[in-house]
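Per chain, numbering begins at 1; letters A, B, ... match sequence-line order.
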Amino acid sequence: MSGDSRLLGFWYVLPYLIGLLVFTAIPFLGSLYLSFTDYRLMQGASFIGLENYTDILTRDRTFTRSFNVTMLYVLITVPLKLAFALFIAGVLNSKLKGIGFFRTAYYVPSILGGSIAVAVLWRYMFADTGFINMMLTSIGFEAINWFGNPGTALFTITLLRLWQFGSAMVIFLAALQSIDKSLYEAAAIDGAKPWRAFFAITLPLLTPVIFFNLIMQMVQAFQEFNGPYVITSGGPLKSTYLLPLYIYEMAFKKFDMGYASAIAWVLFAVIMVLTLIAFWSSKHWVYYAGDKRS
Amino acid sequence: MAQLSIRNLEKVYGGSLKALHGINLDVKDGEFMVLVGPSGCAKSTTLRMIAGLETVSGGHITIGDKIVNNLAPGERGIAMVFQNYALYPHMKVRKNLSFGLKLAGEKKEEISRRVQEVAEVLEIEPLLDRLPKQLSGGQAQRVALGRALIKKPEVFLFDEPLSNLDAKLRASMRVRITDLHRRLKEQGQSSTVVYVTHDQVEAMTMGDRICVMKDGRIMQVDDPETLYAKPANAFVAGFIGMPEMNLVDATLTRGESGPVVTFGDQSIRFGAKLAGRLEAGVGGEVTFGVRPQHFRLAAAGEDALTAKVIKADFLGHEVDVHIMIGGQRFTVVLPVEDYRKAAVDGTIRIRPEEDRVFIFDRESGQNVSLA
Amino acid sequence: MAQLSIRNLEKVYGGSLKALHGINLDVKDGEFMVLVGPSGCAKSTTLRMIAGLETVSGGHITIGDKIVNNLAPGERGIAMVFQNYALYPHMKVRKNLSFGLKLAGEKKEEISRRVQEVAEVLEIEPLLDRLPKQLSGGQAQRVALGRALIKKPEVFLFDEPLSNLDAKLRASMRVRITDLHRRLKEQGQSSTVVYVTHDQVEAMTMGDRICVMKDGRIMQVDDPETLYAKPANAFVAGFIGMPEMNLVDATLTRGESGPVVTFGDQSIRFGAKLAGRLEAGVGGEVTFGVRPQHFRLAAAGEDALTAKVIKADFLGHEVDVHIMIGGQRFTVVLPVEDYRKAAVDGTIRIRPEEDRVFIFDRESGQNVSLA
Amino acid sequence: MSDSVTHFDKAIDEAEKYLAAQKRRQTVSLAIRYTILTVVGLIMLYPLIWLVGASFKSNTEIFAGAGFMPVNPTTDGYVEGWQTSTPYTFGRFFWNTFLIIAPKTICTVISCTVVAYGFARFDFPGKKILFATVIGTLLLPNVVTRIPQYLLFRDLGWLDSYLPLWVPSAFAGDAFFVFMLLQFLRSIPRDMEEAARVDGATSFQALIYVVVPMLVPAMISVALFQFMWTMNDFLGPLIYVSSVDKFPVSLALKLSIDTAESFEWNRILAMSVLTLLPSLLVFFLSQKYFVEGISAGGVKG
Amino acid sequence: TSVASAADLRMSWWGGDGRHVATQKALDYCTTKTGHKVKAEFAGFEGYLEKLTTQMAGSTEADIIQVDWPWLFQFSKEGEGFADLKQFSGDLDLSQWNDSQLAPAMIEGKLNGVPVSVTGATYYFSDEIYRKAGLELPKSWEDLAAAAKKMNPDGVYPFDSTRVILMLMIEAFAAQISGQEFVKPGTNELAWTAEDIAGALKHYQWMVDNGIVRSAKDAAAVGNVEIFDDPAWVSGRIGGTYFWDSTYSKYDDPLTVGKLVPAAPLKIEGAKSDGVYKKPSMVFAISRHSKDQKAAAQVINCLLNDKDAILILGDSRGLPASAIAKATLEEAGKLTRERLDGAKIVAEATGPVMSPLIEHPSVQEVFKDVIEQFAYGQMTAEEAGEEMIDGLTRALRRL
Ligand SMILES: Nc1ncnc2c1ncn2[C@@H]1O[C@H](COP(=O)(O)OP(=O)(O)OP(=O)(O)O)[C@@H](O)[C@H]1O
Ligand SMILES: Nc1ncnc2c1ncn2[C@@H]1O[C@H](COP(=O)(O)OP(=O)(O)OP(=O)(O)O)[C@@H](O)[C@H]1O
Ligand SMILES: [Mg+2]
Ligand SMILES: [Mg+2]
């Protein structure tokens, strides 16, 4: 605007910049530096160049294992969670009486967060004699040893996160409400059945939000720590030993802070690359309403 | 055969709000029917019930010879053009056009043939690979039209399709739509149209017949000329015609030579030939109506109304003159030159054209001056 | 004293898109200046630069005798009315009105006095305690007007303030705004107005002068009558007047008695008194222009054009007749009765009024027929 | 002719019947929808129900099965849990939590709004890079920044105070919220701000008087997220707060859990229930704004 | 003790409610006794190590710190991480501990902490479950195998060994087989051989095959829970297990049937010792950054060696190691029979003095991983033995 200095905007983001420099940049760069050192807590750090990184990438079998598990986890959890959150948002996107109560109820799992009760309850749900197995056997399936099988343990954590779909759901819900109803009417006149309208209209129009949630959920999934820490402690056979847990144990159990930092930065790079890929690919599948100008 | 008929159609919203009070309407095969009326009179509601987008609370709707009350919108053989176009924003124009056909399971070649055909008719071929947001208002409107056209429906439904366009575009799209309607009719295709608008110019220029609605009831259904010449009541009279008809409170008495209309401190005498027509209202407090175009400058000495000019809007070929007579405000349309000559000291002397005045019952609004 | 002057004003968007090509414009103190032009011609850009909402890329803007290029919008002594009103949605009408005064540090009593005053003028007193969402379109528009008025600015800026209203409301708000402008002027208050619209009826009825723009350039600045009677070029001629002026490719030759205009297989001869005016274009391929209102039915035997009627739009008191002459499409406006009588076998014989025709250079579009 | 009339009458009859059937179907479909909502809702809520039930159980009963009805209900968990093993009652810890949450939430909302406004409405040199860091800070696992950060706050002399917990938030340190508000702002038209500028407001006044009121729903969403996350945050207070009298509830909850010793589950569960109450209440009361808030923003990418 | 210079101190510990209450009371008492004000900083176990680590890294740890024994060596590799308590023998009466008790806390000749209690792992059986099955409490592995035959049909196992417990037992078996500490004394060099470990694993396999214990997979089905939170344990479907004697109540309290009775270590074939190693369950250390280490030593002395304080603290940190404390509590009848019996069994058992390295996370990780892989049938005992030696050698080298 005329009369405004070109630096005006800068003053508004100044708090962020200060915060960034003072509270974030130093720890960030600190950990980056440490990743190039052999730093055992309580002992000094000695610079060792890329050694941590070459170790991680060439020698560390636990890292490889953990990395694969992490990728698997992200690959399963993120799409499932997005789909589930979207589905529930669709159900809750109605004008029924008392819908506020239901929305709250469906959000409750997210409020519970990492509460102890959740961990305890999860054990009951998936224990050999737990609720899930009771259901399975009652409809004629075999009971499954959820926690004991390397193949299924990861899934229990996935389910925990699925169940805590609240924030993604709320965002979807909001986006659903902003879709122009007349598009559905036009589709109905074009002869589209509801499910068809969902795939032809709803889904494409939600892509910006799907994208937003995808990025956020991906970041969250890559940093999943509480689930395996509380529910499976990484086992069995490291089948739920996600990278953040590995980093944590490396740093706070083995006190190998330099090495832990290096793993963290490798993880950072992976997320960064995936995020960039997502941003880049978004051009091809995300439909932005945006106005004509700008 | 695609006549549309509506019998005792009712709509109740939320269990209590009665939006439509059992209307009856017949639209002939190939007819262009315009629904007009002020905002909230249930034009859209009616249209949407025909389309199947609103449930019917009572009565029934027949398209061709099928009662369609219980059919899904896609099965009624209708197509609809929305006020905000409702183009699928994420699909290119081509896909917007073909979506309906694809759902109907048409063959690929047939689809692309029809798309091509429609695109040619509407001159939107260069736009086929654009997204809706890359279209101007008029272009988007044509695509919306194409989406309806391509389905070859039995009945076209339009809900204020032009109200988002600017004046110029509106005028040209108006012509385009009527042209198209004529062409379809000539080709023997089904082309029954129900067209909702609140712009009376659209109504007058486009409709074969016009249905004037108010508060969920039909006021009058007639062709434009009849509606203009013989409005059934003050509401229709005021609604049709631009600038609006002057409708003022007046007293109608019997004078020596014929009826006398008095408002405020002025009165005007009419000749005997009006006596018959105005008889019904004589002696009462009535609403007196004359269209702005139906005043003429009074000759010297002629019985006339003396009007104080408040403001004159120059419109190129004519002038909208805002005047006061007997404390009531009137609008008069005069040719530029006439007005220039006549205006003296800010007053003009004018007279309504005798056979063009109306008398309405003050209470019911009924036109009591129809021959 | 609040004249506004614009010198070599330029606007470049995003470093490359030149939206405004160095325009010059002077608006006198108290003058009502209307900017018209098709969409994208930079009307809003110009207005927003005057307001200070857009930075100036070149040239300068003077209000009163201050160059305001580098002043914040609030310091320029202007007030603006936005197309979508831009009322503060969370403030009651009263607060919407008083917000600017409060920022300016006016005293409480003064503020409430001014609010009262403005509310009376605009008849929005009963609305003072409502929120914007509780207002109808017309009411919101009046509040927006009030918000501008209350500041007693030196210059009022309007950006298509009426385009969101329906036809009826638009007409009545038009009257209200011009009334208001007149009243302010009478009271000796500053009341310079720059009013952007793309509706030429608004332009014609409201403007003291009209500035017609196209593609970031000014085409003509004149009062409405001059603009109508003496358009500087084909663009202005086509833009002003409703229905649009007929502009067709023609050949102008010198005949026995005077100029002859030929298009397609038909031609029409004009009398000697036009010879002088049309001389400039003679012998060339020109664009020939006549307004739809400036045709009349030809008397029997008179030299005339024979037109095939495509369609006649009945408008109550007159008919818009769409016709074809020599393969080109024309619109003609005729009184209802005249048209009825004249139309025989779908053709009519018409003739342009001699002193109302224009000849434009085919290349440059310049009006070469001005006396 | 008369044939077609009777045919027509029949059709009308059918239509009427259809109308009635339709109404019935609507009722049935409504019932089905409520049933599904309730059943799934119960699954969602079950942990909470179980938690409430278990908090009235005795310790051994808690581990006997997954039912929620206590056999011998007891309020011991609440009574003892409230007393705690410290000189303070649980009320004190709630108060402490409030002392953290209040400044943190308020500061977050204010700073993130201002910063998002700067990013959304102005152009300035280096904006793109700065914005990239907003996303970037979300991506690094914070395990490895914990110690450098601790050293930083130690040097600032902020240990054993609440400052490390909320001061970074006061500088818009929560990238997620900046990002979220930015999305909201992008979808709010600028006209109102421009009107305010014409009315004589500075850009800051326009922010305060015009943008903020329109952004309120979004800001409520931010406040809610921040409220709930802070309520649950355990590690932050654990690291920075040493004095027991300064513990927030999240810490107090785990105060008596020692893996090398048996402990009173029902106390912990009882206090968990109390700890969840504020979040539940706040969410329920504001879910309307919460949802509307985000929809006003329409989070566009 | 003198009140000459009153200091302001901080003390940090983890624990449960009982310990918190008792310790705060004891500190109050010691304040009146020593004149030093002590600010209590306590929390649950979760996160305590992170917090301590962070504090140590920032030199902001409390003056008096409760430290888990194995952590000592991580924080104080060269013995410099904490104050050397021998310096304060005037204030802290070290004579209440014998050398074998203090030795595990000695690093490079410096006493980094005083053991609060000493503990060792042994076998416990539920009297009620065996009584119901009509059996004596087992004295050998054969007894257990016989018991399994009798109990299994009812869905009951006579014993349990999973997770940490399994690891402890494998270590114990290996110690029994090899008869020595797992590293050569005072070095980082592995003393156990692949055969020792294979033997230990084979015995475990035998236990599983004979229905003595649940397989690792079956036990894991309840999720990441310790045996004492396992419904099978709580409801009395498991006849006994193996744990540190100091943690008795943790296992006994949840039991809905019967009571746990300690038993002498069971030996596997060819055992050269009982394989029981003893360690301080936790120590009190003094920060090397403490401004008044002397005062801190006085407070520790008060907490561990003052009769009144001892009575206040009771067994909130297990059976005290300090002689006077143990005597005082016994005298006051504050210790149950089971605890005393357990302690006695541990005290009498033979086994190598184990290097703290065995509790180092990197070492434990190798143990856990390989044992788990073996238990899941992913490798044979021999392969596992090799793998373990391999892993341990590498882990030890990196320390
Ligand atoms: N979904 C609805 N729920 C409740 N009332 C409604 C609904 N839709 C319309 N109405 C009411 O029904 C009446 C008719 O509305 P309708 O939209 O048909 O009017 P309209 O003639 O199309 O007006 P406009 O010219 O403004 O489009 C109005 O009073 C309106 O408020
Ligand atoms: N912020 C902007 N960035 C880039 N280009 C812009 C911007 N604003 C306007 N333009 C361009 O400048 C030109 C003039 O735009 P402007 O909005 O002034 O036109 P207008 O005459 O007001 O049109 P309308 O009648 O549609 O309001 C257009 O080509 C437009 O695309
Ligand atoms: Mg409508
Ligand atoms: Mg504009």
Side-chain angles (χ1 to χ4, degrees), chain A residues 1 4 6-10 12-13 15-20 23-24 26-28 30-31 100 102-109 111-118 121 124 130-131 170-171 173-175 177-178 208-209 211-212 219 223 244 247-248 251 260-261 264 267-268 271-272 286 288-289, chain D residues 33-34 36-37 41 44-45 47-48 50-51 66 111 114-115 117-119 121-124 127 130 133 135 137-141 143-145 147-149 152 168 171-173 178 183 197 203 225 228 232 234 253 268-269 272 276 279-280 283-284 287-288 290-291 294-295 297-301:
Chain A
M1 234 166 260
D4 288 350
R6 225 170 96 65
L7 288 181
L8 186 60
F10 186 76
Y12 285 102
V13 300
Y16 170 75
L17 184 63
I18 293 174
L20 180 73
F23 300 117
T24 315
I26 295 173
F28 246 67
S31 78
F102 288 110
R103 282 179 193 155
T104 310
Y106 284 47
Y107 195 81
V108 158
I111 295 181
L112 289 170
S115 160
I116 296 170
V118 172
L121 196 86
Y124 282 135
F131 180 72
V170 168
I171 290 169
L173 188 53
Q177 291 184 337
S178 65
V209 183
F211 178 68
F212 177 80
V219 169
Q223 304 200 4
I247 296 171
Y248 165 80
S261 296
L267 182 57
F268 176 84
I271 309 178
M272 195 62 160
V286 174
Y288 283 100
Chain D
R33 268 198 280 178
Y34 271 114
I36 293 176
L37 274 177
M44 292 294 149
L45 271 180
L48 191 71
W50 177 83
L51 181 64
S111 63
V114 169
V115 170
Y117 180 66
F119 276 122
R121 292 294 198 253
F122 302 92
D123 263 323
F124 51 88
K127 173 170 151 173
L130 203 55
T133 67
I135 307 280
T137 53
L138 283 172
L139 307 184
L140 189 71
V143 179
V144 294
T145 54
I147 286 186
Q149 207 154 31
L152 176 73
F171 287 90
V178 174
Q183 298 295 344
R197 296 303 304 275
S203 64
F225 274 130
M228 293 190 280
N232 280 337
F234 163 70
L253 252 188
I268 290 160
L269 296 185
S272 297
L276 288 174
S279 296
L280 264 180
F283 185 90
F284 181 71
Q287 57 86 19
K288 204 170 134 241
F290 199 49
V291 169
I294 294 179
S295 71
V299 188
K300 290 197 183 100

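The aromatic rings of Tyr107(A) and Phe283(D) lie parallel to each other, their planes meeting at an angle below 30°, with 60° marking the opposite boundary.
For the residue pair Val144(D) and Ser261(A), the shortest heavy atom distance occurs at CG1-CA, 3.6 Å. Nearest heavy atoms, Pro27(A) versus Pro148(D): CA-CB, 3.6 Å. Closest approach of Gln149(D) to Phe23(A), counting heavy atoms only: NE2-O, 3.3 Å.
If you measure heavy-atom distances from Phe102(A) to chain D, the contacts under 4.5 Å come from the side chain alone. Only the side chain of Leu152(D) comes within less than 4.5 Å of a heavy atom of chain A; its backbone N, CA, C and O stay farther away. For Ser111(D), no part lies near chain A; criterion is any non-hydrogen pair under 4.5 Å. Of the atoms belonging to Ile36(D), it is backbone heavy atoms, and not side-chain ones, that fall under 4.5 Å from chain A. Both the backbone and the side chain of Ala264(A) come within contact range of chain D, with heavy atoms under 4.5 Å apart. Heavy atoms of Thr24(A) lying under 4.5 Å from chain D belong exclusively to its side chain.
Val13(A) places none of its side-chain heavy atoms less than 4.5 Å from the side chain of Phe122(D). Contact of the Ile111(A) side chain with the Leu48(D) side chain is not registered, since no non-hydrogen atoms from C-beta on lie closer than 4.5 Å. With contacts defined as side-chain heavy-atom distances shorter than 4.5 Å, the pair Ile271(A)/Leu138(D) does not qualify.
Between chain D and the residues Leu8(A), Ile26(A), Leu267(A), the most heavy-atom pairs under 4.5 angstrom are made by Leu8(A). Residue with the most contacts toward chain D among Gly9(A), Ala260(A), Gly30(A), Ala105(A): Gly9(A) (heavy-atom pairs, distance under 4.5 Å). Chosen from Ile135(D), Leu37(D), Leu130(D), the residue pairing most often with chain A at heavy-atom distances under 4.5 Å is Leu37(D). Your options are Leu45(D), Asp123(D), Leu280(D), and the one with the most heavy-atom pairs under 4.5 Å with chain A is Leu45(D). Comparing Leu139(D), Thr145(D), Val143(D) by how many heavy-atom pairs each has under 4.5 Å with chain A, the most go to Leu139(D).
Panel note: side chain Tyr106(A), backbone Gly41(D); a donor-acceptor pair is recorded below 3.5 Å.
The structure places OG1 of Thr133(D) at 9.0 Å from CZ of Phe28(A), a figure rounded to the nearest 0.5 Å.
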Steps toward side chain to side chain contact (heavy atoms under 4.5 Å, CB included) verdict (Val108(A), Met44(D)): CA-CA 7 Å; Val108(A) 158; Met44(D) 292 294 149; 5.9 Å; no
